[in-house]
Amino acid sequence: MNTTDLTQTPIHADGSFEVHLQKSGQTLKVGKEQSILNALQDAGHEVPFSCSQGVCGTCLTQVVAGTPDHWDMYLTPEEQEANNQMLICCSRSQTARLVLDL
């Protein structure tokens, strides 16, 4: 049995990570060249978004566990440091797993 907590483990060497959706229980793999938003859309999830550049805040999502890698221009530095929300259109993960409130 593997008891490694992936929300505390650095991202995979190939740049991929997984996103676990807390409400649905589904886990998705996010590739190096893929956004979390694209991975969700590919899996059939409808998530609100608009600019897809981390500016508008439409895709703001609560983070339950793991550490986001913030690439947006919407959150303040203090909000980014709190690591409890992220813009899934452009931001990625610093840990092998993110758990999102979706």
Side-chain angles (χ1 to χ4, degrees):
M1 180 174 160
N2 185 356
T3 59
T4 302
D5 182 357
L6 296 177
T7 64
Q8 302 298 314
T9 304
I11 193 169
H12 301 295
D14 67 359
S16 69
F17 59 94
E18 62 183 40
V19 173
H20 180 73
L21 310 179
Q22 187 177 44
K23 292 178 182 172
S24 72
Q26 188 175 14
T27 300
L28 306 173
K29 183 175 180 176
V30 181
K32 181 179 180 179
E33 303 296 330
Q34 186 179 37
S35 70
I36 297 171
L37 176 62
N38 290 146
L40 289 166
Q41 291 173 324
D42 289 349
H45 294 274
E46 292 189 24
V47 184
F49 72 99
S50 183
C51 73
S52 296
Q53 297 177 12
V55 176
C56 72
T58 303
C59 65
L60 184 67
T61 301
Q62 298 300 307
V63 176
V64 178
T67 306
D69 185 9
H70 296 281
W71 291 14
D72 66 89
M73 295 172 279
Y74 180 80
L75 296 173
T76 66
E78 293 81 13
E79 290 171 326
Q80 290 181 348
E81 190 174 324
N83 286 329
N84 59 7
Q85 54 188 346
M86 68 184 299
L87 298 184
I88 59 173
C89 66
C90 64
S91 296
R92 297 184 55 78
S93 181
Q94 295 182 32
T95 53
R97 173 181 266 210
L98 284 176
V99 180
L100 301 179
D101 187 29
L102 292 174

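Worth knowing before you read on, the calculation uses all heavy atoms, side chains too, and leaves out hydrogens, waters and symmetry mates. This is a predicted model, so every value here is computed, not measured.
- Heavy atoms only, all atoms of each residue included: Cys59 and Cys89 are closest at SG-N, 3.4 Å.
- A search for side chain to side chain contact (heavy atoms under 4.5 Å, CB included) contacts involving Asp42 returns Gln34, not counting sequence neighbours.
- Put simply, the side chain of Tyr74 does not reach to within 4.5 Å of the side chain of Thr58, judged on heavy atoms.
- Residues Trp71 and Arg92 come closest through the heavy atom pair CH2-CD, 3.7 Å.
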What donor-acceptor contacts under 3.5 angstrom involve side-chain atoms of residues 95-102, with partners at least two apart or in another chain?
residue, atom, partner, partner atom, Å
Thr95, OG1, Thr67, N, 3.1
Thr95, OG1, Ser93, OG, 3.3
Thr95, OG1, Arg97, O, 3.0
Arg97, NE, Glu18, OE2, 2.6
Arg97, NH2, Glu18, OE2, 2.7

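- Under the 4.5 Å side-chain heavy-atom criterion for Ile, Leu, Val, Met, Phe, Trp and Tyr, Val19 and Ile11 are members of the same hydrophobic cluster.
- Closest approach of Ile88 and Ser35 over heavy atoms only: O-CB, 4.1 Å.
- With sequence neighbours excluded, no residue forms a side chain to side chain donor-acceptor pair (under 3.5 Å) with Ser52.
- For the residue pair Gly54 and Cys90, the shortest heavy atom distance occurs at CA-SG, 3.5 Å.
- Within the 4.5 Å cutoff, side-chain heavy atoms of Ile36 are placed close to those of Met86.
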When the side chains of residues 23-30 are checked against the rest of the protein, which donor-acceptor pairs come out under 3.5 Å, sequence neighbours left out?
residue, atom, partner, partner atom, Å
Ser24, OG, Gln26, N, 3.2
Gln26, OE1, His45, NE2, 2.5
Thr27, OG1, His20, ND1, 2.8

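- When side chains are defined from C-beta on, Leu21 counts as touching Leu40, because their heavy atoms get closer than 4.5 Å.
- Clustering of Ile, Leu, Val, Met, Phe, Trp and Tyr side chains at separations under 4.5 Å places Val55 together with Met73.
- Every residue meeting the side chain to side chain contact (heavy atoms under 4.5 Å, CB included) condition with Leu75, not counting sequence neighbours, appears here in chain and number order: Leu60, His70, Asp72, Glu79, Gln80, Gln85.
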